[in-house]
Amino acid sequence: MTDSASLDQASQPLKLRNFYLGRQPVLDRNQALYGYELLFRGSAQGPAEIESGLSASAGVIHHASQLGLARAIGDATAFLNVDEEVLKSDMFAFLPRERTVLEIVRSVEPSDAVIARMTELSRHGFRFAAEASAHGNALARLLPVIDFVKMDLRELPVVTLLSLAPRLRGTGKRLVAEKVETHSEYRTCLDIGFDYFQGYYFAKPTVIAGRKLSPSQAAVLDLMNLVTSDADNIEIERAVKKDITLGLNLLRLVNTPAAGAGRRIESVSQALVLLGRRQLQRWLQILLYAEPGVRGHNLSPLLMLATTRARLMELLAQRLRPGQRNVADVAFTVGMMSLMDTLFCIPMQDIVEQIPVIDEVRHALLVRRGFFGELLRLAESIERMEDAQDEVMPALNELSMNGDDLAELEVSAFEWSDKVVRYAI
């Protein structure tokens with residue numbers, strides 16, 4: 001594996017066109033973000049139309065190289081699916097080895113040649129993952145050369161997890177629970193001893209009767225209402241200063257690279273003047289998710305998902321309705337608000353009654369209708385990826401877009417969200 005080979009691979013033009021790049025979060029035991037599995041999807045209705053596993057993996061890897069892997073995953077760890085053809089190639093040689101896990105797909109037979117190649121790549125710093133149910137008895141042969149074992153909750157019953165997980169942990173492997181869709185499943189896997197969790201259980205709304213907003217969240221909502229009702233600047237500044245945490249968090253967000261202030265902002269009044277009402281409303285929406293008391297650690301997956309979704313919808317609106325800034329602003333708001341039922345553990349109907357929104361926003365949030373509803377459905381379908389593949393392309397067709405357009409906007413949204421979240425709490 002030479003440097004010249006790495007450069008040759010990185011500089012090759014992308015052979016597969018018109019696809020989009022999905023990513024699924026991998027969380028640790030504290031529900032903080034650990035990494036992403038990067039997924040290729042062809043721009044065709046139904047399952048991805050690809051010639052071979054090599055084509056799929058090559059698509060993800062080449063696309064990640066062209067767009068910049070750091071833009072797609074930030075400082076997280078990347079999980080990439082690879083088959084035997086990819087293992088034999090040097091196409092991923094340019095990847096940051098300390099943050100790349102090569103996931104062996106089920107078609108790979110652990111022959112002597114495959115094991116030897118994995119051993120060689122391990123010496124170069126790459127780590128490997130394999131799925132327990134995909135490899136069956138052959139998993140034992142892979143164990144000496146892999147670091148992570150994935151277990152699909154849809155394929156393995158709990159009784160199997162209970163017996164298999166302790167044995168695998170005894171070998172020093174990190175265990176990843178896949179397709180974790182509910183908090184109950186997360187708790188079960190946590191008790192069993194899994195290290196990482198993959199799935200969107202953290203984004204599913206759980207309604208709790210009598211749930212009240214925290215003082216900090218209530219302060220943010222009060223301030224949002226002041227902004228939308230065109231209150232005087234002095235009144236808004238007074239409201240910010242009444243909550244020390246709110247003021248500090250606002251200053252942090254204003255000084256993120258994503259805000260693009262260009263100079264250090266030191267006072268609340270400075271921040272309010274610089275931002276203006278439009279940006280202030282945006283940062284307040286982000287602060288709702290960034291409250292330290294709710295998550296208690298950096299890289300909250302819900303904050304990351306909300307900001308990525310909102311930014312993608314904003315970029316889509318800009319592309320589809322150029323020159324109409326208000327439309328892009330509304331799209332961002334819809335994206336941020338679409339996860340507030342999960343954040344607050346109360347029904348969306350109650351949220352749109354508490355926060356004054358226009359009818360278009362209400363329809364988008366409640367029934368996924370209208371232009372903003374279509375953007376929201378598209379964003380949600382991309383996130384679900386495996387479960388909603390056949391929904392993405394029809395939605396793109398309705399919006400007169402293709403996969404190439406979407407891929408670039410996705411990665412721009414990933415990058416923006418990563419910058420915001422790292423400074424948010």
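Numbers here are sequence positions counted from 1. Keep in mind that this is a model prediction, so the values were computed, not measured.
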- Backbone N or O of Leu87 within a donor-acceptor pair of the Arg117 side chain at under 3.5 Å? yes
- Item | Glu131-Ser133 side chain donor-acceptor pair, cut-off 3.5 Å | yes
- Task: Quick one: list whatever passes ring-ring contact (aromatic ring centres under 6.0 Å, His included) with Phe332, sequence neighbours left out.
- Result: Trp416
- Message: Assess the residue pair Arg278 and Asp329 against the criterion (salt bridge (Lys or Arg N to Asp or Glu O under 4.0 Å)); give the C-alpha distance rounded to whole Å, side-chain angles, the decisive distance to 0.1 Å, and a yes or no.
- Response: CA-CA 8 Å; Arg278 168 179 167 264; Asp329 290 342; 2.6 Å; yes
- Task: Could you tell me which non-hydrogen atom of Ser107 sits nearest to which non-hydrogen atom of Asp83, and how far apart they are?
- Result: OG-CB, 4.2 Å
- For Met151 and Leu168, work out which heavy atoms get closest and say how close. CE-CD1, 3.2 Å
- Under the ring-ring contact (aromatic ring centres under 6.0 Å, His included) test, which residues partner Tyr200, sequence neighbours left out? Phe202
- Item | Under 3.5 Å: donor-acceptor pair, side chain of Thr308, backbone of Leu305 | no
- Task: Would you kindly say whether Gln285 and Thr333 are connected by a side-chain donor-acceptor distance under 3.5 Å?
- Result: yes
- Query: Short question: side chain of Lys150, backbone of Ala177 - any donor-acceptor pair under 3.5 Å?
  - Reply: no
- Query: Only one of Leu339, Leu288, Ile286 forms a side chain to side chain contact (heavy atoms under 4.5 Å, CB included) with Leu303, so which one is it?
  - Reply: Ile286
- Ser338-Arg309 side chain donor-acceptor pair, cut-off 3.5 Å: yes
- Task: Just jot down the ring-ring contact (aromatic ring centres under 6.0 Å, His included) partners of Phe128, sequence neighbours excluded, or say none.
- Result: none
- Query: Is the closest basic N to carboxylate O distance between Asp195 and Arg169 below 4.0 Å?
  - Reply: yes
- Message: Below 30° counts as parallel, above 60° as perpendicular, anything between as tilted: where do the rings of Tyr186 and Phe197 land?
- Response: perpendicular
- Task: Please work out whether the ring planes of Phe79 and Phe148 are parallel, tilted or perpendicular, with thresholds of 30° and 60°.
- Result: perpendicular
- Message: I'd like to know if the side chain of Glu37 pairs up with that of Gln24 as donor and acceptor (distance under 3.5 Å, no hydrogens or angles considered).
- Response: no
- Note on the structure: Tightest non-hydrogen contact, residues Met313 and Val334, listed as CE-CG1, 3.7 Å
